[in-house]
Amino acid sequence: MLNVGMVLLSDPAVTATLVRECGEPLVDLRDVEALRLDHRLADFDGAYARLRVGVVDRLVTAQTLLPSGIRLLVVEGYRPMALQEQYFEAHVQRLRERTPDAEESALRRHASRYISPPAVAPHVAGAAVDLTLCSVDGDELWMGTAVNDTDTTACHTDSADIGAEARANRKLLCDAMRGAGLVNYPSEWWHWSYGDRYWAYLNDSGHAPYGPVSS
């Protein structure tokens with residue numbers, strides 16, 4: 001179960017948050033030497049490697065807050081709307097097959113625990129990044145689960161179902177990312193964002209500077 005106090009991306013308070021698009025461009029992380037990029041989700045157009053300038057700046061700051069010898073390893077940034085819609089609808093369908101009697105609204109709310117509704121998706125805004133930690137040699141630190149592994153509640157950021165090593169590594173990641181001004185989606189230790197509606201809601205900022213980006 002998720003923390004009962006967690007606000008889902010589908011929550012009306014999040015979806016009602018205003019967007020005042022600032023027009024900030026996406027930056028290609030393949031041109032940012034300060035950050036390390038993983039290619040496991042690489043796409044032909046290179047969308048996975050792009051993020052808003054403000055997010056990139058904060059990732060560089062987060063990197064400086066980590067101990068020497070530990071690096072951020074970025075797995076995915078921007079996600080085109082069509083791909084987000086595909087992911088979300090596929091997850092809703094899986095839930096529908098498991099619980100055929102459930103109401104559609106409940107299925108979509110439940111799906112948002114792990115896949116954001118496209119209209120408010122931080123990845124679609126170029127505002128979210130999925131990442132982990134690695135050594136300078138590129139060896140990933142153990143975080144309790146792999147990135148994008150949502151099969152068990154061990155993926156929840158504050159899960160008690162992980163060992164001491166993973167807990168310590170998650171703390172390193174959380175301290176650096178929060179120190180740089182990003183927010184975490186508590187069901188996924190790897191998912192962080194800045195400038196999207198979820199970030200704006202958690203920070204009571206009144207509006208989000210980043211809305212969906214057309215690819």
Side-chain angles (χ1 to χ4, degrees), residues 9 14-67 70-85 87 115-134 136 138 147-148 157 172-186 188-215:
L9 279 157
V14 176
T15 60
T17 299
L18 295 176
V19 175
R20 295 178 183 168
E21 174 57 54
C22 67
E24 192 177 280
L26 297 173
V27 171
D28 194 324
L29 293 182
R30 292 172 292 188
D31 299 325
V32 180
E33 294 184 1
L35 298 172
R36 181 166 293 192
L37 182 64
D38 183 272
H39 304 293
R40 74 189 74 176
L41 293 180
D43 60 290
F44 180 78
D45 294 326
Y48 81 107
R50 299 184 187 125
L51 285 167
R52 297 277 193 151
V53 172
V55 180
V56 175
D57 287 346
R58 283 162 179 78
L59 289 179
V60 173
T61 296
Q63 178 62 64
T64 68
L65 299 176
L66 288 168
I70 297 179
R71 302 290 304 277
L72 294 174
L73 181 63
V74 175
V75 175
E76 186 181 21
Y78 172 63
R79 188 181 295 159
M81 179 66 80
L83 184 57
Q84 185 71 31
E85 290 172 344
Y87 285 169
I115 304 291
S116 174
V120 296
H123 281 288
V124 171
V129 59
D130 293 339
L131 79 178
T132 186
L133 297 176
C134 69
V136 291
V147 173
N148 291 327
T157 306
L172 287 177
L173 178 63
C174 290
D175 287 350
M177 298 296 282
R178 288 170 179 152
L182 291 97
V183 300
N184 173 247
Y185 195 50
E188 300 173 339
W189 60 261
W190 56 83
H191 179 99
W192 295 81
S193 69
Y194 169 83
D196 61 297
R197 289 179 178 179
Y198 195 74
W199 170 90
Y201 171 76
L202 292 182
N203 284 280
D204 196 25
S205 68
H207 74 277
Y210 302 149
V213 177
S214 299
S215 57

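If you read the sequence from its start, that first residue is 1, and numbering goes on from there.
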Query raised in the report: Under 4.5 Å between any side-chain heavy atoms of M81 and V213, yes or no?
Result: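 Of all side-chain heavy-atom pairs linking V213 with M81, none is under 4.5 Å.
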Query - Min side-chain heavy-atom separation D57-V53 under 4.5 Å - result: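 Yes - at least one pair of side-chain heavy atoms lies under 4.5 Å apart.
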Requested in this report: Inspect the contact between E21 and R197 and indicate whether a charged nitrogen and a carboxylate oxygen are less than 4.0 angstrom apart.
Outcome: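 Answer for the salt bridge query: no.
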Between [X] (side chain only) and [Y] (backbone N and O only), is there a donor and an acceptor less than 3.5 Å apart?
X: E76; Y: V129; value: no
X: Y201; Y: D196; value: no
X: Q63; Y: I70; value: yes
X: D175; Y: G179; value: no
X: H123; Y: G77; value: yes
X: Q84; Y: A121; value: no
X: E85; Y: P118; value: no
X: D28; Y: R30; value: yes

Query raised in the report: Given Y210 and R52, is the side chain to side chain donor-acceptor pair (under 3.5 Å) satisfied, shown in steps?
Result: CA-CA 8 Å; Y210 302 149; R52 297 277 193 151; 5.9 Å; no
Query raised in the report: Any cation-pi pair here, R58 with Y194, using under 6.0 Å and within 45°?
Result: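 That pair qualifies as a cation-pi contact.
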Supply the atom-to-atom distance [X] [atom1] to [Y] [atom2], rounded to the nearest 0.5 angstrom.
X: M177; Y: W190; atom1: CE; atom2: CH2; answer: 14.0 Å
X: L65; Y: L173; atom1: CG; atom2: CG; answer: 11.5 Å
X: L37; Y: D31; atom1: CG; atom2: CG; answer: 10.5 Å
X: D38; Y: T132; atom1: CG; atom2: OG1; answer: 9.5 Å
X: S205; Y: W199; atom1: OG; atom2: CH2; answer: 4.5 Å
X: L83; Y: Y48; atom1: CG; atom2: OH; answer: 14.5 Å

Using every non-hydrogen atom in the two residues, find where [X] and [Y] come nearest and quote the distance to one decimal.
X: A34; Y: R71; answer: O-NH2, 3.1 Å
X: C174; Y: T157; answer: SG-CG2, 3.8 Å
X: A128; Y: H191; answer: CB-CE1, 3.6 Å
X: V55; Y: G126; answer: CG2-O, 3.9 Å
X: L9; Y: P117; answer: CB-CD, 4.2 Å
X: L26; Y: R50; answer: CB-CB, 4.1 Å

Requested in this report: Go through the steps for L59 and L51 under the test side chain to side chain contact (heavy atoms under 4.5 Å, CB included), then give the verdict.
Outcome: CA-CA 10 Å; L59 289 179; L51 285 167; 3.6 Å; yes
Requested in this report: Tell me, with the steps shown, if D43 and R79 meet side chain to side chain contact (heavy atoms under 4.5 Å, CB included).
Outcome: CA-CA 10 Å; D43 60 290; R79 188 181 295 159; over 6 Å; no
Query - Audit row: W192, L131, side chain to side chain contact (heavy atoms under 4.5 Å, CB included) steps and yes/no - result: CA-CA 8 Å; W192 295 81; L131 79 178; 3.5 Å; yes
Query raised in the report: Taking it one step at a time, do L133 and L172 satisfy side chain to side chain contact (heavy atoms under 4.5 Å, CB included)?
Result: CA-CA 9 Å; L133 297 176; L172 287 177; 4.1 Å; yes
